[in-house]
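Just the heavy atoms: all of them, side chains too, but no hydrogens, waters or symmetry mates, feed the values below. All ligand and atom numbering here is 1-based and tracks the order in the structure.
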Amino acid sequence: MARIVVTGGAGFLGSHLCERLLDRGDRVVCLDNLQTGRMGNIEHLFGREGFEFVRHDVSNHIWVPGEVDVVMHLASPASPIDFARIPIQIMKVGSLGTHNCLGLAREKGAVFHLNSTSEVYGDPLVHPQPETYWGNVNPNGARSMYDEAKRFAEALSFAYHRSHGVDIRIVRTFNTYGPRMRPDDGRVVSNFIIQALEGRPLSMYGDGTQTRSFCYVDDQIDGQLGLLDSGYVGPVNIGSEYEFTMLELAEHVVEVTNSSSEVTFEPLPKDDPVRRRPDLTLAREQFGFEPKVALREGIERTAAHFAAELGL
Ligand code: UDP
């Protein structure tokens, strides 16, 4: 049982993490500036024993009174729509925000856990991507603010680990989906499901042959907690190895939602990675990670969530 600070705790991933930590008996201090996080994601946690919420932008100095055992830094807008809309905030939370979280962890003698990303591999030239691959990132392109901020965050975490002896964990999160994604955050799973539910055409960017490997949020959180408890520093990939094209995803979504929607083709965004799939060998070896939720089932659960949220 620990007292754990979760930054970005009102976001999609963060809210699931807060809930799972409370379920296992940990106390949670949830920090979020609500720029992309939503109170609706954590409303059900108020009143639960050990849950505190503080509205705060972690790019500014952080102070949390009392003992803290772990600082888990998830705060960051993470959608390509946000990359264009709020690039400077993304760079600040990845750099200044990480610095502040590391400072808090050092002061409290706490473990620091960073949510890094598969985006550190950029448009990868090695496939699937093992943690030893250094990546192929455009340093000033359309996704650079996110990719480079996370690369900086990894480097800063290791600097604190090596210079100050801070105990760290670094997880590289691949595409994750599930209930509580923002309906308007522009990512492919939420877009396709909502378009299918509303009977509108599915917006395919490019020819749809690009691939991703989507991991259901419950599996993602299993992996993060596995790493935290293992004591292994990382970085470690967490995701799903089931790789599919966006055309295949569209077919699944149309079938699951029983929709009559067609697909329309739109231009591919700049620097959109051609393919992505994690090598999970390390996560398996270190803490027996194994994703369990099949794509079909995950889409069903996510579609049910959006149908209820949007009253469809
Ligand atoms: N994409 C798409 N239609 C959409 C949104 C995204 O075809 O409405 C594509 C996008 O170009 C990319 C893939 O789906 O190739 C995954 O996009 P997402 O934004 O979900 O994640 P990321 O690109 O960060 O992996």
Requested in this report: May I ask you to check whether over 12 heavy atoms, not counting those of Glu266, lie within 6.0 Å of atom CD?
Outcome: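 Enclosed: over 12 neighbouring heavy atoms sit under 6.0 Å from CD of Glu266.
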
**Report entry** Centroid-centroid distance, Tyr242 to Phe244, less than 6.0 Å
**Finding:**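 Judged by ring-centre distance (under 6.0 Å), Tyr242 and Phe244 do meet the cut-off.
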
Query - Check: Phe287 ring centroid to Tyr232 ring centroid under 6.0 Å - result: no

Can you list the ligand 1 atoms lying under 4.0 Å from a non-hydrogen atom of [X]?
X	value
Gly186	5 (C)
Pro80	19 (O), 24 (O)
Asn191	4 (C), 5 (C), 8 (O)
Pro269	11 (O)
Phe192	3 (N)
Glu119	24 (O)

**Report entry** Option whose closest heavy atom lies nearest to atom 21 (O) of ligand 1, chosen from Thr117, Ile194, Asn175
**Finding:** Asn175

Report task. Just go through Arg143, Gln210, Arg187 and tell me whose heavy atom is the nearest to atom 9 (C) of ligand 1. Result -> Gln210

Requested in this report: Kindly write out the residues that satisfy side-chain contact (heavy atoms from CB on, under 4.5 Å) with His305, not counting sequence neighbours, or none if the list is empty.
Outcome: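 With neighbours one apart ignored, the set is Pro179, Arg180, Glu309.
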
Requested in this report: Quick one: do Val93 and Gln35 satisfy side chain to side chain contact (heavy atoms under 4.5 Å, CB included)? Show the steps, please.
Outcome: CA-CA 12 Å; Val93 76; Gln35 179 150 45; over 6 Å; no

Identify the closest protein heavy atom to [atom]: which residue and atom is it, and at what distance?
atom	value
atom 15 (O) of ligand 1	Asp272 OD1, 2.6 Å
atom 13 (C) of ligand 1	Met246 SD, 3.8 Å
atom 1 (N) of ligand 1	Tyr205 CD1, 3.4 Å
atom 3 (N) of ligand 1	Ser203 O, 2.6 Å
atom 25 (O) of ligand 1	Arg212 NE, 2.7 Å

Query raised in the report: Hey, is the main chain of Val70 close enough, under 3.5 Å, to the side chain of Lys108 for a donor-acceptor pair?
Result: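 No: the side chain of Lys108 does not pair with the backbone of Val70.
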
**Report entry** Sequence neighbours excluded - side chain to side chain donor-acceptor pair (under 3.5 Å) pairs with any residue from residues 75-89
**Finding:** Asp82-Arg85, Asp82-Arg182

Query raised in the report: Has Gln195 got any heavy atom lying under 4.0 angstrom from an atom of ligand 1?
Result: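 No.
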
**Report entry** Ser230-Gln286 side chain donor-acceptor pair, cut-off 3.5 Å
**Finding:** no

Report task. Could you tell me whether Glu266 approaches ligand 1 through its side chain, its backbone, both or neither, with non-hydrogen atoms closer than 4.0 Å? Result -> neither

Query raised in the report: How far does CZ of Phe112 sit from OH of Tyr160, to the nearest 0.5 angstrom?
Result: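 OH of Tyr160 is found 10.0 Å from CZ of Phe112.
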
Report task. Dump the intermediate steps for side-chain hydrogen bond (donor to acceptor under 3.5 Å, both in side chains) on Ser144 and Asn138, then the final yes or no. Result -> CA-CA 6 Å; Ser144 58; Asn138 179 345; 5.9 Å; no

Report task. Check whether any N or O atom of Val188, backbone or side chain, sits under 3.5 Å from an N or O atom of ligand 1, and answer yes or no. Result ->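 There is such a contact, yes.
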
